[in-house]
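Here's the structure we're looking at; comments come further down.
Letters A, B, ... mirror the listed sequences (proteins, then strands); counts begin at 1.
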Amino acid sequence: MDLSNTDTTKTKTKAPQQITIDGQSLSFTPGETIMQVAERAGISKRIAHFCYHPSLSIAGTCRMCAVEVEKVAKLMTSCSTPATNGMVVYTNSEKVKASRNGVMEFLLANHPLDCPVCDQAGECSLQEYNYEYGPSTSRFGDSEEKRVFENATTLKLSPLITLNMNRCIHCERCVRFCAEITETHELLMVNRGHHKELTLADPSKGLTSDYQGCLADVCPVGALTFNDFRFKKRVWFLKQHPSICDGCSRGCNIEVHSEDDIVYRYTPRFNQEINKHWMCDEGRLSYHRGHDKNRIVAPYFEGHECEWHTLLADFTKSLKSSKSALVVFTTDATSEEVATLTSLLPQLHKGGPINFRYISSTPDENPNENQDENQDQLLRRKDKTPNRQGVASKLSPISEADFQSFNDLVIIFKGSTSKLPRLAFSSSKHLYLWGVFLLEDLENIRASNPNIRGVLPGVHTLEKSGSYTNCDGITQTFTAAIRPPKLCVPVERILSKILTTVTAEGEAK
Amino acid sequence: MKKVFTEAAANSKDYQALTEVLTHKTPEAVITEVKKSNLRGRGGAGFPTGVKWSFMPNNEVAPVKYLVCNADEGEPGTFKDRFIINQMPHKLIEGMIISGYAIGAKVGYIYIRGEFRKEAEFLQTAINKAYSDGWLGKNILGKNFTFDLFLYRGAGAYICGEETALLNSLEGKRGEPRLKPPYPAQVGAFSKPSCVNNVETLANIPWIMLHGGEAFAKLGTEKSGGTRLYSMSGHLQHPGIYEFSPTLTLREAIQEAGGVRGGKKLKAVIPGGASAPMLRADEIDVCIDFDSLASVGSMAGSGGIIVMDETTCIVEAALVLLKFYAHESCGQCSQCREGSPWLSRIFQRIENGQGKLADLELIEDLCKNMAMQTICAFSDAVTGPALSSIHKFKEEFIQHIESGACPLKNHQAKRV
């Protein structure tokens, strides 16, 4: 055994292992499949597939990814065939095309041909591959009745997921997702052959995992759809923008799908280090918070909406005249906002030094719990803000005593839509809220501090550029996916406005 | 001429070979003897048994290994394993103990098809007897060899006769074939190296041990040793189990079974279980061994010879088989799941007189897209009766289509 091992190492060092895909010579590490080599080379788009998913185990059942391998009579499924040295692969030969055409014909035989009313249309693998490889007409015959699963057209598997079994192509990605990723084993196939049907393991419970949205993601067709998005928008109208989920300290990579500055959904964006292909439902649904009707979207001064210049004039005056000042950041502020404010605000403040602190989110139910730890085995974190590490690396946390000792000027800066932490301050003369606040936030603050002087409406994650440092210390930048409401402006614009006013005043004097 | 099972049935000296092996032979010697015997798997694929055994990793690499007996005899037209279980269960048990000894397995499973309820009870009784007689369990014959045997009943799926589907089913999972590689010899039952052998294959082992591999090899052809049990069914004078040397021709085999029933003319023969492409009456002067039948485009398969006389409607006969396949496809692979019922529908409409000439082309096309494209050989098997029937009896299909009815319906076609 030992001898043979040294032999392989020798050959490995002598000549790198090579595989040729469509004439392109590629190196590989033993154990990689044809599909994996193609993926690494960025040419996996050439290999059509349904059941293969890079983050799930190999099923090899859809047979769509079959490719021609020289000197092998049978077509080989690229998802399951390991690359070997000297292997020559063709992904688009006549034989491969004929096989794909065959698979498409079989899959479409019983699949409803009603793409116009299917919510998956536009992002459906079956539809896309059919344009490329499939037959243009059906030989199944009009007189033949298609397979119809009883009561299965719109079966609610949970409040979040709808199953239309008639559209299922039996790739079983969802079954493997539940078994391998969430390990909840909630879905399984029953019956055999063309009666094979996706079923809940426990119909009385329905789906209960916190990652149900991923089921709709992994489903290549319109069988499993996410109720929150279902029939809300045709996907071809949506603009996709890469971003970071600010729902917790994990910082899952996402794509924001929007039209006319209205976000319709988040989908996970692949990042091997952070979230792979997944994201939790809590994060997925968190885009709704950005469109909260109760968000304060206009400048607010002494109990009323006002013009920006009125508010800024007062704010500048307070900054200048106050003896002491405290600025408290919530941990959903970007690192750039913290850096900008900590460097520029002191220039406007004529009193003593400004004290910059941060306050981390504290769950209401357990005020003493302040740790940021895993909430489950997969992605979710207990800290529901995206940038604790980034903010904490620049500032120190605020204590209750700090709150008590500052009673002149207090500015609360809230960077995004996470829940407002409990603020334990005594009355301060001038309290300004800066950033993203809801009406109920104001009411809550007013309960302990009636002197809210002004609110400077800011922008949340989707409306600005910046960076967050996640729970593992990975810093990720993002840019604005949508435009903010008209009167909500980013920090730098407010500051530049203040600075120009101050400079103008100085020059006038 | 000697015949393995005919002799075994007459000779009730069970466990004589086992005693011989445990006292005089090393496991390696057993494997060598089986290799010499040219014994090929009797389940259908005809893979050399000795070679299969030699794929099993040694005891140092894999201390836990399993021997699995495939008693999921589901191939339509095949009933020889049931015969062995009913007539000589101890030959099977003895064969398994010797095989387990040879490959280093301490545990054996017999996966018996769910429909064999009585056979399962009978076999369990035999296993219990073997335990009480000291042939199974710890330190058999006082030697340092332990072998336990468990009977596991399937739930009634044809596909569980495929070895990897069988292993999944044995593990309590859905009976769906696995991707290969890894092969069962590397990752088999419960993720341990496993060897899956057919009932008849294993029941041959005691005879080989008693008489030697060469004697067994001489009973067969050059490449396939031993006599074989053939399940003769259909329109025969005397259907039943026959033990033939594979050097016999199909015509001779049919004559042995009394010829076609009622003096009728022979129309078609399926020579190796339902999956084997059918042969016309003029094609039966071929030996019934693996290689000869393969050379005429059919297969010896499981040795189930189905004979059809002139009253048989070939469309209906193929339809019956295709309905079976549509019902039994496991549903994993796209082609097989969707293709099998589709084919059966087309045959149904032709049989009903509603077919079109274009249907024949469609059948060819669908079969082309199904064969050699899936995880297991099931979809290849589906194309067997479909293609062979339209290739060899095209006129009959055209007659159905053109006349708009089954021309043989009035002749009281008999179901196979």
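- Atom CG of residue B:Leu179 and atom SG of residue A:Cys79 lie 6.5 Å apart, to the nearest 0.5 angstrom.
- Of the two parts of A:Asn191, only the backbone, made up of N, CA, C and O, holds a non-hydrogen atom closer than 4.5 Å to a non-hydrogen atom of chain B.
- Here CZ of A:Arg100 is found 13.5 Å from CG of B:Asn369. Values are rounded to the nearest 0.5 Å.
- Looking at A:Glu172, only its side chain comes within 4.5 Å of chain B, counting heavy atoms on both sides.
- Annotation: the span from A:Leu75 atom CG to B:Thr374 atom OG1 amounts to 11.5 Å, rounded to 0.5 Å.
- Residue B:Arg117 qualifies as open at atom CZ: its count of foreign heavy atoms under 6.0 Å is 12 or below.
- Salt bridge status for A:Glu145 with B:Arg345: absent, with no side-chain N to carboxylate O gap under 4.0 Å.
- Applying a 4.5 Å heavy-atom cutoff, the residues of residues 330-339 of chain B that approach chain A are B:Cys330, B:Gly331, B:Gln332, B:Cys333, B:Ser334, B:Gln335, B:Arg337, B:Glu338, B:Gly339.
- Annotation for B:Lys223: atom NZ does not count as buried by contact number, only 12 or fewer foreign heavy atoms lying within 6.0 Å.
- Surrounding CD of B:Glu171 are more than 12 heavy atoms belonging to other residues, nucleotides or ligands, all under 6.0 Å away.
- Taking CD1 of B:Ile159 as the reference point, atom CZ of A:Arg192 lies at 9.0 Å (rounded to 0.5 Å).
- Pairs of residues two or more places apart, or lying in two chains, that qualify as ring pair (Phe, Tyr, Trp, His ring centres under 6.0 Å) and include a residue from residues 353-385 of chain B are B:Tyr158-B:Phe378, B:Tyr325-B:Phe378.
- Neither the backbone nor the side chain of A:Leu188 comes within less than 4.5 Å of any heavy atom in chain B.
- Across B:Ile375 and A:Arg63, no two heavy atoms sit closer than the pair CG1-NH1, 3.3 Å.
- In this structure, B:Lys394 places its NZ atom where only 12 or fewer heavy-atom neighbours from other residues, nucleotides or ligands lie under 6.0 Å away.
- Heavy-atom distances place both the backbone and the side chain of A:Met189 under 4.5 Å from chain B.
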Criterion salt bridge (Lys or Arg N to Asp or Glu O under 4.0 Å) on B:Glu176 and A:Lys196, from CA distance to verdict: CA-CA 12 Å; B:Glu176 291 177 341; A:Lys196 196 168 167 179; 2.7 Å; yes
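- Separating the CZ atom in A:Arg147 from the CH2 atom in B:Trp342 is a distance of 12.5 Å, to the nearest 0.5 Å.
- Residues in residues 65-85 of chain A take part in no ring pair (Phe, Tyr, Trp, His ring centres under 6.0 Å) pair, two or more places apart or across chains.
- Residue B:Ile346 does not touch chain A at all, counting heavy-atom pairs closer than 4.5 Å.
- When the salt bridge (charged side-chain N to carboxylate O under 4.0 Å, His left out) test is applied to B:Glu402, no partner is found at least two apart in sequence or on another chain.
- For a residue to count as touching a neighbouring chain, one of its non-hydrogen atoms must lie under 4.5 Å from one of that chain's; by this rule B:Ala157 touches chain A with backbone and side chain alike.
- Taking a 6.0 Å sphere around CD of A:Glu70, one finds it holds more than 12 heavy atoms contributed by other residues, nucleotides or ligands.
- Put simply, of A:Cys51, A:Ala59, A:Ala109, the one with the most heavy-atom pairs under 4.5 Å next to chain B is A:Ala59.
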